[in-house]
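Since the structure comes first, as structure tokens, the remarks are kept for the end.
Lettering follows sequence order; numbering is per chain, from 1. Predicted model only: the values in this text are computed from it and were never measured.
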Amino acid sequence: MLDFMNLNRTLNELDLFRREFDRLFDTGARGEVADPTEFSEIGREIGARFTDDKEAFVLSVDVPGVKPADVDLQVTRDGITLRVAREVAVPQGYSTHRAERGSWRLSRSWSVPEPVNPELATGEVKDGVLTVTLPKIPEVQPRRIEIAS
Amino acid sequence: MNTNHTIEQGAKAGNGRGVRYVAVPKVDVFENSDEYLVIADLPGVTKDNLNVSWAKGELTVEARHGDRLYRRAFTMPDGIDSAQITADLALGVLTLKLPKAPEVKPRRIQVRAA
């Protein structure tokens, strides 16, 4: 379970992350996350959602304007490391009235609460959302035992 | 467009079915002599659940993605040729082109030697 110390640390990291994407890059910040449901509440801050669909963990991250080539994803049994770079430039010959979108870099690792199979993990970018599917290793899924009468 | 001319409306909507979060999309606004460009991050949005409307000088973008509703409105300066507004959605980014009406475009005056 995620304890309060860890939760606070994670929240602090996320706050820092939101304000200073660039500075966070390559600091190797690691949010130890044990409970995917709690994570999904926290992760919304950065447009990331972690769900557990029994067979797999599914991570979705908002990455508008990002192409597959801008994503670097590494998966181990214990978690994932994600690096995303988004570049936004002022179109040539235009003046700027408002610039909220900005360029950013995201570099983050997440632990998964149960081991996953890196060989079967998949990643997809569609309509500006990155979806990473991390199938669990079957051995650790609960098996229902029929009770003989 | 001057920042003073831009009236942003906070997210008022969100009572629609299944909407849990109302998000204000991040937007860039650019201008050149021919047009305004309004570019909005709308991750997860497809053209089927996107609605862009123009009424009385106000540009409104509304979109759905799962349980999220994106909403943002801008009051644009006078002189937009609203019939020529175009919208393009790619990679979760909406690009709106709002051409200026001919009468507000700067006209280059040829200077002749006397």
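One N or O on the side chain of A:Glu100 and one on the backbone of B:Val27 form a donor-acceptor pair closer than 3.5 Å. Counting only distance, with no hydrogens or angles, the side chain of A:Thr96 and the backbone of B:Phe30 share no donor-acceptor pair below 3.5 Å.
With a 4.5 angstrom heavy-atom cutoff, B:Ala40 touches chain A only via backbone atoms.
Looking at B:Leu37 and A:Pro91, their side chains come closer than 4.5 Å, going by heavy atoms from C-beta outward. A:Arg86 is listed as a side-chain neighbour of B:Asp41, based on a closest heavy-atom distance under 4.5 Å.
Applying the 6.0 Å contact sphere to CD of B:Glu103 captures more than 12 heavy atoms from other residues, nucleotides or ligands.
Each of A:Asp127, A:Val66, A:Val129 has some count of heavy-atom pairs under 4.5 Å with chain B, and the biggest count is that of A:Asp127. Chain A forms the most heavy-atom pairs under 4.5 Å with one residue out of B:Ile39, B:Thr46, B:Leu42, and that residue is B:Ile39.
In this structure, B:Val93 is not a member of the same hydrophobic cluster as B:Leu50, with clusters built from ILVMFWY side-chain heavy atoms closer than 4.5 Å. Linking Ile, Leu, Val, Met, Phe, Trp and Tyr whenever their side-chain heavy atoms come within less than 4.5 Å puts B:Trp54 and B:Val52 in one cluster. Criterion: ILVMFWY side-chain heavy atoms under 4.5 Å apart, direct or through other members. Under it, A:Val125 and A:Val58 are not part of a common hydrophobic cluster. Side-chain heavy atoms closer than 4.5 Å link hydrophobic residues (I, L, V, M, F, W, Y) into clusters, and following such links, even through other members, never connects B:Leu94 to B:Leu91. A:Val88 and A:Val84 are members of different hydrophobic clusters when ILVMFWY side chains are connected at heavy-atom separations under 4.5 Å.
Using a 4.0 Å cut-off between a side-chain N of Lys or Arg and a carboxylate O of Asp or Glu, A:Arg49 and B:Asp67 do not qualify as a salt bridge. No salt bridge links A:Asp62 with B:Lys26; every basic N to acidic carboxylate O contact stays at or beyond 4.0 Å. The pair B:Asp28-A:Arg98 fails the salt-bridge criterion, with no side-chain N (NZ, NE, NH1 or NH2) lying under 4.0 Å from an Asp/Glu carboxylate O.
Ring planes of B:Tyr36 and A:His97: tilted class, angle from 30 to 60°.
Summarising the geometry of A:Gly128 relative to B:Pro43, their closest heavy-atom pair is O-CB, 3.4 Å, with the distance given to 0.1 Å.
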